[in-house]
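Input: a single structure, listed below in structure tokens.
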Amino acid sequence: MARKRDMSEVVAEAVIVLIALGLAFVAGIAGWAVGHETRSGTRTVTVSGGATGTVTSSGNVDPRVAAGAHDFVSFACGQCHGDRGSGGVSPDVPALSGVAKQLTPARLRQIINHGLGESKNPTKPYMPVWGEVISKRQVSDLVAYLRADLPAVPTAEPAPIPTGQGLAVEGAALYTRYGCGNCHGPNGLGGVPNPQSPDKTVPSLSGVVFRGEFNTDKKVIDFIRSGSVIGLAPIVSMPHWGGIIPNEQLRALAAYLKTLK
């Protein structure tokens, strides 16, 4: 009887070992499948200067492309060119999808730095001169984003516009969404260099001088609509926002500016 019990124990141990080996084999096959799927979900995209970046199915983006996407939002590019450059905002402003196939990186940089459009026609949108405002690194990142065909990047989205909280609150959010602070400073305090302009800086949107010149909502709204393109690059000019910013948002912006110091 003792001999039979020993054989039973040996058989039981052998069965346990076989089960363990089977589980290890299954785990190895599963791990290979996951790794293979992860690799197959990765694609390489071309960015500026012939460099490459990786975009995965999980939404990871090359850091330069991601930075360009956030710059695209921060500098309000989408407010004229549409969300992720999809167009549809104005018939006078082109979509940017596929732009990398049409324009070289050098040409894209030139347009960003020097502007583009009908500078003397206030009824037509004008691409601003960004050369004195945006850094070379930011321009390169924007070009990388365009060269990658403007992929979706998590959190690179304009801030939501609040409603039902008064025009001034809405206007404060619009001031950020349209990138006004990039030139006129936070809270409209100014101070952004504009070396070729008469006063050497982009003017503030607050203070006694501004209040004296723009003492009605109509004057503020009219100026936003028509802009002030006073020359070619490197002069930073106020773009023509007419046809881009709806009337109700113009009123909200005017209400916000009245709250500034």
Side chains of residues 156-176: which donor-acceptor pairs under 3.5 Å do they make with residues two or more places apart or in other chains?
residue : atom : partner : partner atom : Å
Tyr175  : OH   : Gly185  : O            : 2.7
Tyr175  : OH   : Gly188  : N            : 3.3

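Panel note: side chain Ser204, backbone Ser206; a donor-acceptor pair is recorded below 3.5 Å. No donor-acceptor pair under 3.5 Å is formed between the side chain of Asp92 and the backbone N or O of Pro125. Listed for the Arg84 side chain is a donor-acceptor partner under 3.5 Å among the backbone atoms of Leu150. Using a distance-only test at 3.5 Å, with no hydrogens or angles considered, no donor-acceptor pair links the side chain of Thr201 to the main chain of Pro203. Of the possible donor and acceptor atoms, one in the side chain of Gln138 sits under 3.5 Å from a partner among the backbone N and O of Ser135. Side-chain N or O atoms of Asn182 include one that pairs as donor or acceptor with a backbone N or O of Ser74 at under 3.5 Å. In terms of modelled atom types and a separation under 3.5 Å, the side chain of Asn194 and the main chain of Lys200 share no donor-acceptor contact.
Considering all non-hydrogen atoms of both residues, Val133 and Cys183 come closest at CG2-SG, 4.0 Å. Looking at every heavy atom in both residues, Pro193 comes nearest to Pro195 through C-CD, 3.7 Å.
Here Trp241 contributes atom CH2 and Gln79 contributes atom CD; the two are 7.0 Å apart, rounded to the nearest 0.5 Å. To the nearest 0.5 Å, the span separating CD on Gln110 from OG1 on Thr104 amounts to 8.5 Å. Note: Ile244 CD1 to Ile224 CD1 = 13.5 Å, rounded to the nearest 0.5 Å. Considering CG of Asn113 and CD1 of Ile134, their distance stands at 7.5 Å, rounded to 0.5 Å. Cys80 SG to Met127 CE: the interatomic distance, rounded to the nearest 0.5 Å, is 9.0 Å. Ser140 contributes atom OG, which lies 10.5 Å from atom CG of Asp71 (distance to the nearest 0.5 angstrom).
Hydrophobic clustering keeps Ile245 apart from Val73 (ILVMFWY residues linked when any side-chain heavy atoms are closer than 4.5 Å, directly or through intermediates). Leu142 is connected to Val61 through a chain of hydrophobic side-chain contacts under 4.5 Å among Ile, Leu, Val, Met, Phe, Trp and Tyr, so both are in one cluster.
Aromatic ring pairs are classed by plane angle as parallel below 30°, tilted from 30° to 60° and perpendicular above 60°; the pair His240 and Tyr126 is tilted.
Looking at Arg225 and Asp222, a side-chain N of the basic residue comes within less than 4.0 Å of a carboxylate O on the acidic one, giving a salt bridge. Using a cut-off of 4.0 Å between Lys/Arg side-chain N and Asp/Glu carboxylate O, Lys258 and Asp217 are scored as salt-bridged.
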Q) Is there a side-chain contact (heavy atoms from CB on, under 4.5 Å) between Val143 and Arg109 once you walk through the steps? A) CA-CA 7 Å; Val143 171; Arg109 290 189 187 93; 3.8 Å; yes
Q.
Could you walk me through whether Arg64 and Asp141 satisfy the side-chain contact (heavy atoms from CB on, under 4.5 Å) test, starting with their C-alpha distance in whole Å, then the side-chain angles of each, then the deciding distance to 0.1 Å, before giving a yes or no?
A. CA-CA 5 Å; Arg64 291 172 60 194; Asp141 290 341; 3.9 Å; yes
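Residues Ile111 and Leu103 form a side-chain contact, since some pair of their non-hydrogen atoms from C-beta on lies under 4.5 Å apart. Contact of the Phe223 side chain with the Met238 side chain is registered, since non-hydrogen atoms from C-beta on lie closer than 4.5 Å. You'll find the side chain of Val236 stays beyond 4.5 Å of the side chain of Val192, heavy atoms only.
For the side-chain contact (heavy atoms from CB on, under 4.5 Å) test with Phe72, the passing option among Asp83, Leu96, Val153 is Leu96; the others fail. Each of Leu260, Val202, Leu189 was checked for a side-chain contact (heavy atoms from CB on, under 4.5 Å) with His184, and the lone residue meeting it is Val202.
Heavy-atom contacts from other residues, nucleotides or ligands closer than 6.0 Å to CZ of Arg211 number more than 12.
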